[in-house]
Amino acid sequence: KEQRAELGLPVRTVIADLSSIAETTALAREVGAVDVLVNNAGVGFGRDQLHREVSRDGHELRFAVNYLAAYVLTYALLDRAKAIVQVASIGQRALDVRDLQFTHQYDGIVAYRRSKLAQVMLAFDVAASSSVASTALHPGTFLDTPMLQESGITPLGTAQQGADAIMYV
C-alpha cells in the first residue's frame, strides 16, 4: 500500500514473513525500484533465551531474520538500490563458523549478537564489492521497542531516537 512518510515522501509498504527465504525473495521481486534499503527487521533474545527457535525454513530464528533475510534482500535489490543500511547493534559476538545454526549450547543473547555481527560483515562486503553506498549502524542502546520490552530490560531511549539515527544516516 502507498503511504506518505513523515517527510512527505511516498512510502510503499509490502509485507512478508522474513523468516521464510521464499517470502523474502518474493518481497524483493515485488518492491520494484528502491532508493534506500534499510534492513531493520530484528528478532531479539526471545522470551526464554535458552530456548532455540527456528524459522519456517528450519534455520535458527535470529540468524534467519536478522541476517539471512537482510542478505537476500540486499543482493536481490543491489542493482536497484542507491544505498543500503544494515541496522545492526553494538552488541556483537564472533560467529562460530562450525555452528552457524547454533545447535549446541544455545543462548538467545549470543545468537542475536552473532546475527548482528553478520549484518555488519554484510555491509562491509557490499561496500567492498559494489558501487552502492553501504553502511551499518547501531541506532541506540536499549531503545523502547517491543523486542526490548519482551526481554524485560529497562529502556534507555525511545524508538524515535533510533528512527532519527537511521534517517540521519
Side-chain angles (χ1 to χ4, degrees), residues 15-25 27-28 36-78 83-130 134-169:
I15 297 172
D17 177 354
L18 298 179
S19 74
S20 163
I21 291 174
E23 278 199 42
T24 304
T25 302
L27 167 70
V36 179
L37 171 62
V38 177
N39 285 314
N40 189 29
V43 175
F45 311 148
R47 291 182 203 277
D48 176 358
Q49 75 183 49
L50 299 180
H51 174 73
R52 183 179 179 272
E53 299 172 275
V54 296
S55 71
R56 286 183 33 196
D57 299 325
H59 301 291
E60 191 281 321
L61 186 62
R62 279 127 203 91
F63 194 72
V65 174
N66 300 354
Y67 171 70
L68 292 178
Y71 181 94
V72 168
L73 288 172
T74 295
Y75 281 104
L77 299 174
L78 191 59
I84 299 174
V85 178
Q86 306 294 343
V87 180
S89 172
I90 198 169
Q92 300 168 21
R93 186 83 174 255
L95 299 174
D96 181 350
V97 295
R98 296 166 305 196
D99 191 18
L100 284 176
Q101 293 299 318
F102 215 148
T103 58
H104 304 291
Q105 298 178 330
Y106 186 79
D107 182 319
I109 294 173
V110 176
Y112 173 82
R113 290 177 173 171
R114 286 177 178 175
S115 72
K116 290 303 183 174
L117 177 61
Q119 264 192 302
V120 171
M121 294 166 63
L122 174 59
F124 281 122
D125 185 53
V126 170
S129 64
S130 78
S134 174
T135 192
L137 79 119
H138 170 64
T141 300
F142 297 142
L143 301 179
D144 193 9
T145 64
M147 182 172 70
L148 186 75
Q149 293 163 8
E150 178 184 79
S151 70
I153 296 171
T154 302
L156 298 178
T158 67
Q160 186 61 52
Q161 289 170 312
D164 291 345
I166 295 166
M167 290 300 295
Y168 180 79
V169 168

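Across every non-hydrogen atom of Thr24 and Ala69, the tightest pair is CG2-O, 3.7 Å. Minimum interatomic distance between Asp17 and Glu23 (heavy atoms only, all atoms of both residues): N-OE1, 2.8 Å. Across every non-hydrogen atom of Ser130 and Leu78, the tightest pair is OG-CD1, 3.9 Å. Among all heavy-atom pairs drawn from Gln86 and Ala123, the shortest one is CG-CB, 3.9 Å. Nearest heavy atom pair, residue Ala94 against residue Leu117, reads CA-CD2, 3.7 Å. Taking every heavy atom of both residues into account, Gly91 and Lys116 meet most closely at O-CB, 4.4 Å.
Remark: Asp48 CG to Tyr106 OH distance equals 9.5 Å, nearest 0.5 Å. Atoms CZ and CG, on Phe102 and Asp107 in that order, are 6.0 Å from each other to the nearest 0.5 Å. Taking CG of Asp57 as the reference point, atom OG of Ser19 lies at 7.0 Å (rounded to 0.5 Å). Distance check: Leu77 CG to Leu27 CG gives 7.5 Å after rounding to the nearest 0.5 Å. To the nearest 0.5 Å, atom OG1 of residue Thr103 and atom CD of residue Glu60 are 10.5 Å apart. Separation of atoms OH (Tyr112) and CD (Gln92) is listed at 9.5 Å; rounding is to 0.5 Å.
Formation of a donor-acceptor pair under 3.5 Å by the Asn66 side chain with backbone atoms of Ser115 is not found in this model. Of the possible donor and acceptor atoms, one in the side chain of Arg52 sits under 3.5 Å from a partner among the backbone N and O of Gln101.
Of the candidates Asn39, Asn40, Thr135, Leu37, Thr135 is the only one forming a side chain to side chain contact (heavy atoms under 4.5 Å, CB included) with Val85. If you run side chain to side chain contact (heavy atoms under 4.5 Å, CB included) between Ile109 and each of Arg114, Arg93, Gln49, Arg62, only Gln49 comes through.
Considering only heavy atoms from C-beta on, Met121 comes within 4.5 Å of Leu95 through its side chain. Asp99 has its side chain out of reach of Gln105: every pair of non-hydrogen atoms, C-beta onward, lies at least 4.5 Å apart. Contact check for His104 versus Asp96: no side-chain heavy atoms found under the 4.5 Å cut-off. Looking at Ser55 and Val65, their side chains never come closer than 4.5 Å, going by heavy atoms from C-beta outward. A heavy-atom distance below 4.5 Å is found between the side chains of Phe63 and Leu68. Residues Leu18 and Val72 fail the side-chain proximity criterion, which asks for heavy atoms closer than 4.5 Å.
Heavy-atom contacts from other residues, nucleotides or ligands closer than 6.0 Å to CD1 of Ile90 number 12 or fewer.
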Verdict with supporting geometry, Tyr75 and Asp125, side chain to side chain donor-acceptor pair (under 3.5 Å) = CA-CA 11 Å; Tyr75 281 104; Asp125 185 53; 2.3 Å; yes
